[in-house]
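Each remark here refers to the structure printed beneath this line.
Only heavy atoms go into these numbers, but all of them, side chains included; no hydrogens, no water, no symmetry mates. Below, read A as the first sequence line, B as the second, and so on, with proteins coming before strands; counting in each chain starts at 1. On a predicted model such as this, the values are computed, not experimentally measured, just so you know.
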Amino acid sequence: MIDNIDKKYEPKNVEEKVYKMWNEKGFFHAEVNNEKESFTMVIPPPNITGQLHMGHALDNTLQDILARYKRMRGFEVLWLPGTDHASIATEAKIVEAMAKEKLTKEEIGREAFLKRAWEWKEFYGGRIIDQLKKLGSSCDWERERFTMDEGLSEAVKKVFINLYEKDLIYRGERIINWCPKCLTSISDAEVEYEEKNGNLWSVKYHIKDSNEFITVATTRPETMLGDTAIAVNPTDDKYKNLIGKYAILPIVGREIPIIADDYVEKDFGTGAVKITPAHDPNDFEVGLRHNLEQIKVMNDNATMNEFAGKYKGFDRYIARKEIIKDLEKLNLLTEIKVHKHNVGTCYRCSTVIEPIISKQWFVKMKPLAKPAIDIVKNGELKFLPERFSKIYFSWMENIQDWCISRQLWWGHRIPAYYCMDCKKIIVKNNFPDKCDDCGSKNIKQDEDTLDTWFSSALWPFSTLGWPEKTKDLEYFYPTDVLVTGYDIIFFWVARMIFSGIEHMNEKPFKHVFVHGLVRDEQGRKMSKSLGNGIDPLDVIEKYGTDSLRFSLTKGIATGNDLRYSDKKVESSRNFANKLWNASRFVLMNFDENISIDNINIDRLNLADKWILRRLNIIIQEVTDNMEKFELGIALEKLYEFTWDEFCDWYIELVKTRLYDKDNDLRAEALYVLNYTLKNIMKLIHPFMPFITEEIYSHLIHDDKSIMISSWPEINSSFNFEKEEKDMLKIMEVIKAVRNIRAEMNVPFSKRAKVFIITKNKKDNDIFIEGKIFIEKLGYAMEVNVLNEKNSININNMASAIISDSEIFIPLEDLIDIDKEIERIMKEKKNLEKELKRVDGKLSNENFIKKAPQKVINEEKEKQKKYKNMYNKLLERVRSLNI
RNA sequence: GGAGGAUUAGCUCAGAUGGUUAGAGUGCUCGCUUGACAUGCGAGAGGUCACUGGUUCGAUUCCAGUAUUCUCCACCA
């Protein structure tokens, strides 16, 4: 017996306490356990600079739901947490912080910089972890990893060396995406395209030894300083005679050849293209085909270099203006058009990317992509929803080599060493003593670090001890589900897949469970620049974690974006409160003097049997939904079952019995209440872990915690099919009575008599059994079940017709005959519509011939029912002289 | 240029291997301090399931096309 429980649920009084308890009892921890099947997930490691946002909240809520569900289903669940060093993002923040002290990286040097970075990591790395805990995440914190942990760094080196030895990593000079602000190369995936208004300038180039000109169009005139050819299409008659001749590069005066290449489209622009192999990826390819010189005209910070002649030192955009001015003076500018085009920008700092030729390390992608495509094609690894595999394929099938070197300090330093004497490249685990070839000791390590994603690609196995052959790997790998937003399929998911296959010879996970973005109330992306982000921690503070989790998961469709709204959280909070109060009701009625241990099923009443049967069905359905990852549907069903069926019906139905201290079926009622509520708590626990734990701890059971209790199963002795149907009939009567009363404006305090007329013997018995419920929920002073209505005067009664029965309520002076007529006519119209539909169907020969018998029978049943009701209605119409 | 979503109640969204009187939350209307809960209870109004075809006995659901809209990928200088 519990009293003095607050009327309102206060998450703050519960969440911290409960989380601490779980943690201290070691419920989050997973160990190799050969008696159980494993279920493994690795967290998408948040950046150490990161702060929890709604995306994290959704992502981790989904993972936690799966983890808790599987744990209850008896799996050894490992949800492995950790953080990512996020090279560019973190380095940028540290540089920014140093700028406030008027310091630069170069001034303090690599070693001191890294010291600062590690301090940063210590300080901020823990913050996001604490925030994940606030979400209720049941991660195994004893296994927390960081992408630059010693073990993970070993894995990175090992992978680099493996790939290098297999010739899948190479160093070469190619066009890469250069960010002039971050001062590093970035991969293709890290470039974001933005549509911008620019100009298309047409520039005349003089043909050598002639008075002719050739006109080219360009969006980036500043790169012309690095032109080393002009290209035309070989089949283009306009320019055929010019192929092989030379043009004079304006301003610079250099002679450049006019070449023919298929790459040029005859119909675009002038049909002639300036070729700048050092500053454009397409031009680079053309350059290779024609053996053209590559002239880089910019510095790393996007200012012009010495090859830019008089523009040296100018920023690229200033240089552009100056060049345009000079071309105008020279009369070589023939046209300026406004031109909308996509400009590549850095995904971290939004600076316009400069394609630039540079010596970098690359991963050869084609051979790695092939098996990674196959494994999804053959269904061994599944995307959920399936449509995301198409996105994956299109990326994987068109993949370019991956530029993995970064000109950053924070990250895994590339394990490549250069002999300064004989120039040999040595790729090795440790700093070599001497050069293998010439024996020189004059050796330097590559200055660059690796792309952050290079290490996170290994996350599913590096975190489990690879390259060591650990028991953990054997037991927990491959992982089961990877939960992530669709926005990082390319960055991360795809790279984990080919890495897993290449290094483990096994997929990294069986399912990729993809979710959408959390948008703001108006459907916009939440972003810093818009300032429309909602801090999940604020929401938790105000409404509690369970409410936040609930609002992010109820009714969502896999892979679709969803909108955050305060209204939704509020209604979730109301649901939590509902759970709280339903439990309060149950607990308040617990009676120390009544044992619910040995309940005889035969003594359960109709309502008991109905709710137990409904619970069985819900258990089955929700379990099916969970297995299919239909979390949103599962939760929706639980919401409705709990609120509508359990609270609004069962609890109301049980009250009469419970309040009657002499009733000898109170034990049965308490048993059913405890049993149902207990199972509801279990079913909801994965979604709302805190409140369910708190409530569960007060209920009667033998578990230490709901978290480690077992998932509900159907109780086959509770499959009361008949009673379920009977109860539905009684509920139908109750609804009809309430409807009449509401429409007739009968005040609550005014009890009325209810007459139920049915010729059907079975129904008769059911209603007699249900009298007590109809009285209570239909606010009736007396319920009479009759075979004939002859014995009562129905003229002053309001009525309703439900299938085989009629209901009459004498309202005496309260009856409003016009309203009654209105009600009846409305019902008549409705029935006519339905009858017409069902008659039409059943009189259709083809329907009878071709539809399945089951459907036909169902329709016939309906027809019978409607006809019956309709006849009674006509009788009623006649009797009222309408 | 290519691909993929979305389009269902005023708003935000679910939904069904094709057959239900198409659902929820929220908002709205009416009535309620009903011995858990006003963060509540009861009743109600509100939908041509974007449009046009096709398949089918039957389509809101499957197929094709159209429109509107969002997103991703590629990129022609």
Which whole number of Å gives the distance between the [atom1] atom of [N] and that of [M]?
| N | M | atom1 | value |
| --- | --- | --- | --- |
| B:A45 | B:G53 | C1' | 35 Å |
| B:G65 | B:G42 | P | 48 Å |
| B:A14 | B:A9 | C1' | 13 Å |
| B:G31 | B:U69 | C1' | 42 Å |
| B:C49 | B:U7 | C1' | 10 Å |
| B:G18 | B:C37 | C1' | 42 Å |
| B:U60 | B:U21 | P | 15 Å |
| B:G5 | B:G10 | P | 27 Å |

Quick check: are there more than 12 heavy atoms from other residues, nucleotides or ligands sitting under 6.0 Å from CD of A:E640? yes
For A:K542, is the NZ atom crowded, meaning more than 12 foreign heavy atoms sit under 6.0 Å from it? no
Mind calculating the distance between [atom1] ([X]) and [atom2] ([N]) to the nearest angstrom?
| X | N | atom1 | atom2 | answer |
| --- | --- | --- | --- | --- |
| A:K750 | B:A43 | NZ | C1' | 19 Å |
| A:L548 | B:U39 | CG | P | 21 Å |
| A:E386 | B:G5 | CD | P | 10 Å |
| A:W580 | B:C37 | CH2 | C1' | 12 Å |
| A:I774 | B:U34 | CD1 | P | 23 Å |
| A:R738 | B:C30 | CZ | C1' | 16 Å |
| A:F748 | B:A43 | CZ | C1' | 14 Å |
| A:R741 | B:C41 | CZ | C1' | 14 Å |

Check this for me: does the side-chain of [X] come within 3.5 Å of the base of [N] through a donor and an acceptor?
| X | N | value |
| --- | --- | --- |
| A:N342 | B:C75 | yes |
| A:K578 | B:C37 | yes |
| A:R563 | B:U12 | no |

Could you tell me whether [X] contacts a base, only the sugar-phosphate backbone, or nothing, with contacts defined as non-hydrogen atoms closer than 4.0 Å?
| X | result |
| --- | --- |
| A:W201 | nothing |
| A:Y9 | nothing |
| A:F490 | sugar-phosphate |
| A:A851 | base |

Taking only the side-chain nitrogens and oxygens of [X], find out if one of them lies under 4.0 Å from OP1 or OP2 of [N].
| X | N | result |
| --- | --- | --- |
| A:K8 | B:U39 | no |
| A:Y866 | B:U21 | yes |
| A:K826 | B:A45 | yes |
| A:K850 | B:C57 | yes |
| A:K7 | B:C37 | yes |

Tell me whether the guanidinium CZ or amine NZ of A:R320 lies under 6.0 angstrom from the six-membered ring centre of A:W201 and within 45° of its axis. no
May I ask you to check if A:K655 and A:F585 form a cation-pi contact, with NZ or CZ under 6.0 angstrom from the six-membered ring centre and within 45° of the axis? yes
Regarding A:R220 and A:E354, does a basic nitrogen lie under 4.0 Å from an acidic carboxylate oxygen? yes
Straight-line distance of A:K860 NZ to A:N857 CG, nearest 0.5 Å: 6.5 Å
Can you check whether A:Y659 stacks with the B:G35 base, using ring centres under 5.5 Å and planes within 30°? yes
Cut-off 3.5 Å, side chains only: do A:K266 and A:T235 have a donor facing an acceptor? yes
Let's test your reading of the pairing rules: Watson-Crick or G-U wobble, both distances under 3.5 Å, then write RNA chain B as a dot-bracket string with ( ), [ ], | and dots. (((((((..((((.....[...)))).(((((.......))))).....(((((..]....))))))))))))....
